[in-house]
Amino acid sequence: MMLSQTSHHMKRRSAQAELYLNDELVGLVEMRGTDTSWSFGEFKPNDAFEKYAQFFGVWSLLVHEETDGRLHEATSAELREAENAIDRLKARLHFIKTDEWQRAAQINIDGTMIEWKQY
């Protein structure tokens, strides 16, 4: 799923959370809303995110690559590889105010935008 904030099913919900990848605090998330099982917001990384940034950077470049409407076979394989690397990360969000933990089945980070699919 590509990052998007437009949907007629979207619910506005604001909350602040800490993002953990592989049990390491990597930044803060300002949740902006949900759309069915996906939530989205803004991401502010800390220094620990640096070692994970390459996975999301490659994914972002490939998703936004200009094509004739189809991904070339090599690009498609590289995108699958980037998505698999991201999917292997254990992603969890800790909502600060409610002390609630939420596991993410999928997570996408594109610059300062973040979206995640809940389990």
Side-chain angles (χ1 to χ4, degrees):
M1 179 174 199
M2 291 187 54
L3 296 173
S4 113
Q5 295 185 16
T6 57
S7 171
H8 53 281
H9 297 99
M10 184 179 70
K11 294 181 198 162
R12 282 280 184 213
R13 181 176 161 206
S14 184
Q16 194 172 56
E18 299 167 319
L19 175 63
Y20 287 79
L21 295 177
N22 294 341
D23 296 322
E24 183 173 15
L25 177 60
V26 297
L28 294 176
V29 173
E30 189 66 43
M31 184 175 173
R32 298 289 184 210
T34 61
D35 183 3
T36 59
S37 62
W38 285 88
S39 299
F40 67 91
E42 293 177 39
F43 178 60
K44 294 180 180 86
N46 63 23
D47 291 343
F49 182 70
E50 197 171 306
K51 67 180 161 188
Y52 303 102
Q54 67 179 351
F55 300 124
F56 296 100
V58 167
W59 174 85
S60 180
L61 286 172
L62 293 172
V63 165
H64 297 295
E65 185 173 287
E66 291 292 323
T67 64
D68 57 2
R70 294 186 332 217
L71 284 178
H72 299 285
E73 191 174 320
T75 303
S76 183
E78 198 175 348
L79 180 59
R80 253 191 323 278
E81 190 177 308
E83 289 175 337
N84 287 337
I86 291 169
D87 289 345
R88 283 191 296 272
L89 297 173
K90 178 183 173 189
R92 297 184 307 144
L93 290 104
H94 175 237
F95 289 88
I96 298 166
K97 192 173 184 179
T98 61
D99 195 28
E100 211 179 315
W101 286 88
Q102 186 180 96
R103 281 183 62 202
Q106 286 183 290
I107 189 164
N108 299 321
I109 298 173
D110 189 357
T112 61
M113 302 284 298
I114 184 171
E115 71 177 0
W116 64 97
K117 184 175 184 173
Q118 302 167 30
Y119 267 101

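Hydrogens, waters and symmetry mates are skipped; everything else that's a heavy atom, side chains included, is used.
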Exercise. Which is it for Asp23 and Arg92 under the side chain to side chain contact (heavy atoms under 4.5 Å, CB included) test, yes or no, and what are the steps along the way?
Worked result: CA-CA 8 Å; Asp23 296 322; Arg92 297 184 307 144; 3.2 Å; yes

Does any non-hydrogen side-chain atom of [Y] lie less than 4.5 Å from one of [X]?
X	Y	value
Leu19	Tyr52	no
Lys117	Asn108	no
Phe55	Glu81	no
Trp116	Gln102	yes
Phe95	Gln16	no

Let me confirm one number: the [atom1]-[atom2] distance from [X] to [Y], rounded to the nearest 0.5 Å.
X	Y	atom1	atom2	answer
Leu62	Arg80	CG	CZ	11.5 Å
Leu21	Ile86	CG	CD1	10.0 Å
Gln118	Leu93	CD	CG	9.0 Å

Exercise. Got a sec: does the CG of Asn84 have more than 12 other heavy atoms crowding it under 6.0 Å?
Worked result: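 Check passes, neighbour count above 12.
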
Exercise. Which atom names give the shortest non-hydrogen contact between Asp99 and His94, and what distance separates them?
Worked result: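 Shortest heavy-atom contact: OD1-NE2, 2.6 Å.
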
Problem set entry | Where Leu79 and Trp59 come nearest, the two heavy atoms and their spacing |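 Closest pair (atom of Leu79, atom of Trp59, distance): CD1-CD1, 3.7 Å.
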
Problem set entry | Test salt bridge (Lys or Arg N to Asp or Glu O under 4.0 Å) applied to Glu18 - qualifying residues, sequence neighbours left out |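 Checked Glu18 against salt bridge (Lys or Arg N to Asp or Glu O under 4.0 Å); zero matches.
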
Exercise. Can the positive tip of Arg32 be found less than 6.0 Å from the middle of the six-membered ring of Phe40, inside 45° of the ring normal?
Worked result: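 Ring-cation test returns no.
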
Exercise. Looking at the rings of Trp101 and Tyr20, which for Trp means the six-membered one, are their centres under 6.0 Å apart?
Worked result: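 Ring centres of Tyr20 and Trp101 closer than 6.0 Å.
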
Problem set entry | Test side-chain hydrogen bond (donor to acceptor under 3.5 Å, both in side chains) applied to Lys51 - qualifying residues, sequence neighbours left out |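 So Lys51 forms a side-chain hydrogen bond (donor to acceptor under 3.5 Å, both in side chains) with Glu24.
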
Problem set entry | Main-chain N/O of Ser60 paired to Asp110 side chain as donor or acceptor, under 3.5 Å |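 Pair absent, no side-chain N/O of Asp110 close to backbone of Ser60.
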
Problem set entry | Expected output: side-chain Asn46 to main-chain Leu25 donor-acceptor under 3.5 Å |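 Answer holds: yes.
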
Exercise. Got a sec, which hydrophobics cluster with Ile96, joining ILVMFWY side chains under 4.5 Å apart, including via others?
Worked result: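 Reading the cluster by chain and number, Ile96 sits alongside Leu28.
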
Exercise. So, Trp38 and Gln106: side-chain donor and acceptor under 3.5 Å apart, yes or no?
Worked result: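 Side chains of Trp38 and Gln106: no pair found under 3.5 Å.
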
For this session: Verify whether one side chain among Glu115 and Ser39 offers a donor that lies under 3.5 Å from an acceptor in the other.
Result: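 The answer is no; no qualifying pair exists.
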
For this session: May I ask you to decide if the ring planes of Phe49 and Phe43 are parallel, tilted or perpendicular, using 30° and 60° as cut-offs?
Result: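 Judged by the thresholds at 30° and 60°, the geometry between Phe49 and Phe43 is perpendicular.
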
